[in-house]
2 protein chains.
Amino acid sequence: MSTASGRRKVTIHDVARQAGVSITTVSHSLNGKGVVAEETRARVHEVATKLGYSADAIARGLRSSRLGVLGLVIRPLDSLDSYQPIGVDYFMRFAGAAAVEALDRGFGLMLVRDPTTHSVPAIALAVDGFIISDPIANDPVIDLLNRHGIPLVAVGRDIDRPEFTDWLGEDTSQDTRTVIEHLSAHGARSIALVRGTDANSWNADSESAYRHWAAECGQPAAVYLEDERSGEDGGRAVAELMLASPTGVPDAIYCLTGRHAAGLQKRLVEQGHRVPIDVMIVAGADSEQTRNATPPITSIDLTPESTAKAAVTQLLQLLSDTPTAEHVRPSITNILRIRESTARV
Amino acid sequence: MSTASGRRKVTIHDVARQAGVSITTVSHSLNGKGVVAEETRARVHEVATKLGYSADAIARGLRSSRLGVLGLVIRPLDSLDSYQPIGVDYFMRFAGAAAVEALDRGFGLMLVRDPTTHSVPAIALAVDGFIISDPIANDPVIDLLNRHGIPLVAVGRDIDRPEFTDWLGEDTSQDTRTVIEHLSAHGARSIALVRGTDANSWNADSESAYRHWAAECGQPAAVYLEDERSGEDGGRAVAELMLASPTGVPDAIYCLTGRHAAGLQKRLVEQGHRVPIDVMIVAGADSEQTRNATPPITSIDLTPESTAKAAVTQLLQLLSDTPTAEHVRPSITNILRIRESTARV
DNA sequence: ATGAAAGCGCTAACAG
DNA sequence: CTGTTAGCGCTTTCAT
């Protein structure tokens, strides 16, 4: 209906001419900035609508150096060769939710691959701010963005950059404690931890909370490291390690990565271990693989939707000049999805 | 190293001053446009590098109305409330692959939610082109983009818009035939089809190819419709329908949506039907749910990576002024992943 | 071979 | 209350 007769984009001048005012008045009317007579404002709005006018985001961005776009880098995906489908629905949910939240706030969300290793498309450095998910230790992406003066918030700490405080995230230590308590309450005697090799805070904080607990109750700590890229096979490899271990298979395992947990369980079951009777398993990240495993694996739902929402909110807060007195680190509540893999009676 | 001493962004003027030339020369040198003495060009490059200069994408975009960003709308996700995690890894792979491909070609990739139903962030209409995945019948998004003169390519046809030819996609009919042949070759006598309710070409073309085959071999067509949003429960509902049907459960089922297939199989198995002995099941879209089902479900791998790559390529082709003599519809080869659910001996 | 100057469409001082 | 004007950083004629 209405709008565009000619192909040419309708500009602020067109609206000004039609409404019989200056472009300034149009700008003010539409942005609610200056002081404009109500009547005039109404007329301008009317004309603008009729013409289907909407301010050119580029021109506006040039003026106000605000493009209206947020960049998103998901670091764990950068190590993958090609955004493979390996049980990474957490990130799909995260990216989708971030996009939705950004859109709702009038921003676009641009997915970007590690801007340090590839020639950076200029546009990547023109965004208003960045969200960087699961930064690695001393993350070079953070350096790059700092160098360009681009605001960013991280999801998860940069474990080697204590001075960097613009991050938010799940309370990984709390999650670890929750899992351990759950396992203990169901009769676990020895609990092992399986973590990934990426140098991010999820791995680091989980391990340290686990070791802390082990030390506290005099339990020997059993920590297995397995590359995130290895998928289910990696989980099976860890299972072999446990099977061959002199201390045998522990009677409870907290395995951070969902796909490791799935492979681990499969291998143990194949070898005659019963889940949850002989061994209980909990995954640190819920995914389809944990939900669909046999039996389904108790997992922590990382609630990427709320994390993404919080990240966008915090970034936008950072962008607005209103100086946030203090860092309100939104506490994100993850949920333990209890399933059959820990259903001891 | 090098670069940014002051906080301020380094502009073309800085480079010009440092190199002792005009901004014009800098622009020409860096873009290889005008005629510049080799010596000068070299010096400019040197200075630019030393200063860490890179042209502001926004300013450049304003001049050349080329922002360097592609928009991506995934229609099936718009109907979902919030990009839920329901076995949609196809789209994650698609979005990720599209982003990577775009980045490799010097473009950014912006995820956008249905720009017709929400207030359009101005930036959405400033992108250079759009990819719209699985448009619905007479898709209003296509209207909107056309109205704004924004180039687009669709992945999948708009089934009610025959005149629109800028689309590409898997050969859905071929996939259907492949599946039917596979099932027939394994002794299927009666094959049923389960499709979704979205008015997109995947559903439409699959059904029509199926009906065509049924008519050809005198088989009665059995088509079940189930809402895409219903997930595994929807699959179970279809199973109930089949169980209650006077003709009974068919001995082979082609179920487009992976999560329907998973639920369907679960319910049938619960009711004592053996897969693949009594009934074989094939899903039209591989996903974690089909891979992890018990037994694993034979599925078509939609190879979103190659589709995304082709979509980006075609859109960029469209954007370049080089008039493409003819529409080369890249044929995308989907792969039938054969698993236990059709492993009749 | 190089540079001056005119904008791209918009916002924000600053006048009137 | 409204309009004039000066750019934002860059590309691109058109002179020189």
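Note: hydrogens, waters and symmetry copies are ignored here, and every other heavy atom, side chains too, is used. Letters go in sequence order (proteins before strands), and every chain restarts at 1.
Contact check on R161(A) versus D143(A) returns a salt bridge, with a Lys/Arg side-chain nitrogen under 4.0 Å from an Asp/Glu carboxylate oxygen. Ionic pairing of D166(A) and R157(A) is not present here: no N-O contact between side-chain nitrogen and carboxylate oxygen is shorter than 4.0 angstrom.
Residues from residues 22-32 of chain A with heavy atoms under 4.0 angstrom of DNA chain D, sorted by number: S22(A), T24(A), T25(A).
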Trace of the side chain to side chain contact (heavy atoms under 4.5 Å, CB included) decision for M110(B) with V73(B): CA-CA 9 Å; M110(B) 209 175 87; V73(B) 194; over 6 Å; no

Candidate pair L315(B) and V312(B), rule side chain to side chain contact (heavy atoms under 4.5 Å, CB included), full reasoning: CA-CA 5 Å; L315(B) 179 54; V312(B) 169; 5.8 Å; no

CA sep, side-chain torsions, deciding dist, call: I123(B), L67(B), side chain to side chain contact (heavy atoms under 4.5 Å, CB included): CA-CA 10 Å; I123(B) 185 64; L67(B) 226 204; 3.9 Å; yes

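Across the protein-nucleic acid pair, I123(A) atom CD1 and dC10(D) atom C1' stand 14 Å apart, rounded to whole Å. Between the CG atom of L62(A) and the C1' atom of dG7(D) there is a distance of 9 Å, given to the nearest Å. Rounding to whole angstrom units, CG of residue D56(B) and C1' of dG7(D) are separated by 14 Å. In this structure, R43(B) atom CZ and dT2(C) atom P are separated by 8 Å, rounded to whole Å. Counting to the nearest Å, the P atom of dC10(D) and the CZ atom of R17(B) are 12 Å from each other. Here dG9(C) presents its P atom at 11 Å from CD1 of I12(A), a figure rounded to the nearest Å. The distance from atom CZ of R41(A) to atom P of dC1(D) is 10 Å, rounded to the nearest whole Å. Atom pair E39(B):CD and dT2(C):C1' shows a separation of 14 Å (rounding to whole Å applied).
The side chain of K33(B) places an N or O atom within less than 4.0 Å of a non-bridging phosphate oxygen (OP1 or OP2) of dT12(D).
Toward the 5′ end of DNA chain D lies the nearest nucleotide of V35(A), the other residue of the pair V35(A) and R60(B) mapping further downstream. Along DNA chain C, the nucleotide nearest to Y53(A) and the one nearest to G20(B) differ in position, and the one closer to the 5' end is contacted by G20(B).
Side-chain contact, S27(B) with T24(B): no donor N or O sits under 3.5 Å from an acceptor N or O. With hydrogens and angles left out, the side-chain atoms of T313(B) and R105(B) include a donor and acceptor closer than 3.5 Å.
In terms of polar N and O atoms assigned as donor or acceptor, the side chain of R63(B) never comes within less than 3.5 Å of the base of dG9(D) in a complementary pairing.
Checked against dG3(C), dT2(D), dC10(D), the side chain of A59(B) finds its nearest nucleotide in dC10(D).
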